[in-house]
Amino acid sequence: MADITPVLYVTRIESFSACHRLNSSQLGEKDNQDIFGKCNNPNGHGHNYKVEVTVKGKVDPVTGMVMNIVDLKIYIQEAVMATLDHKNIDKDVPYFKDIVSTTENVAVYIWKGLEKLLPPNTLYKIKIHETDKNVVCYKGEWM
Ligand SMILES: Nc1nc2c(c(=O)[nH]1)N=C([C@H](O)[C@H](O)COP(=O)(O)OP(=O)(O)OP(=O)(O)O)CN2
Ligand SMILES: [Zn+2]
């Protein structure tokens, strides 16, 4: 019988502050205002985002870890904190030049950034709390 190894999930949580404006370059002024309401305010608004990054894998029998959280912290620093913390998402992050800075799109952006840094097939989930009430989750799925 083949060995069966338990698969575990490890999550690191970080917080970053950023401002943004919900505005689509594919829509006119009136449609943007109608759809995004107060979030279309020309001067933007800010959030204290909380991001949860979850990796998945087998426990290394020697280290007892799926991944060293110290390493995960370094990856998050590079892909999330360095690019988003204390930034204007729409103006400071080139990815958002023509992409609306919804939390959905921020989650995909973070996924793409972390996927490049982490060992293959380890990234499992990005969960972002834009506010205490608004939470978005991305698991790298497409349809
Ligand atoms: N699907 C999405 N809808 C909205 C997003 C988003 O990212 N994805 N974002 C916003 C705004 O950015 C906005 O800042 C959220 O505002 P609001 O819902 O008003 O925030 P709260 O829930 O904290 O405020 P309450 O007034 O207490 O409800 C809008 N929509
Ligand atoms: Zn917002």
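A quick note: this is a predicted structure, and the numbers were derived from the prediction, not measured. If you read the sequence from its start, that first residue is 1, and numbering goes on from there. Note that ligands are numbered from 1 as they come in the structure, with each ligand's atoms numbered from 1 the same way.
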Provide the closest heavy-atom pair for [X] versus [Y] in the form atom of the first, atom of the second, distance.
X: Tyr138; Y: Ala107; answer: CB-CB, 4.0 Å
X: Met81; Y: Ser15; answer: CE-O, 2.9 Å
X: Asp92; Y: Pro94; answer: O-CD, 3.5 Å

Which value, rounded to the nearest 0.5 Å, describes the distance between Glu115 atom CD and Thr122 atom OG1?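 Going from the CD atom of Glu115 to the OG1 atom of Thr122 covers 9.0 Å.
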In Å, rounded to the nearest 0.5 Å, how long is the span from CG of Leu72 to CG of Leu118?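 If we round to the nearest 0.5 Å, Leu72:CG and Leu118:CG are 6.5 Å apart.
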Residues sharing Tyr124's hydrophobic cluster, by side-chain heavy-atom contacts under 4.5 Å among ILVMFWY, directly or via others?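 Under the 4.5 Å side-chain rule, Tyr124 groups with Tyr9.
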With ILVMFWY side chains joined below 4.5 Å, transitively, what does Val100's cluster contain besides itself?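 Taking Ile, Leu, Val, Met, Phe, Trp and Tyr as members, Val100 shares its hydrophobic cluster with Leu22, Leu27, Ile35, Phe36.
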Applying a heavy-atom distance cut-off of 4.0 Å, which protein residues contact ligand 1?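 Within 4.0 Å of ligand 1, the protein residues are His20, Leu22, Lys38, Cys39, His45, His47, Thr102, Thr103, Glu104, Glu130, Thr131, Lys133, Asn134.
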Picking from Ile110, Val136, Val106, Thr54, what satisfies side-chain contact (heavy atoms from CB on, under 4.5 Å) with Ile126?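 When Ile110, Val136, Val106, Thr54 are each tested with Ile126, the side-chain contact (heavy atoms from CB on, under 4.5 Å) holds only for Ile110.
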Mind listing the protein N/O/S atoms less than 2.8 Å away from the Zn ion (ligand 2)? Waters don't count.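 Listed by chain and number: His20 NE2, His45 NE2, His47 NE2.
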Taking atom CG as the centre, does Asn121 end up with more than 12 heavy-atom neighbours from other residues, nucleotides or ligands that are less than 6.0 angstrom away?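 No, CG of Asn121 has 12 or fewer neighbouring heavy atoms, counting only those of other groups under 6.0 Å.
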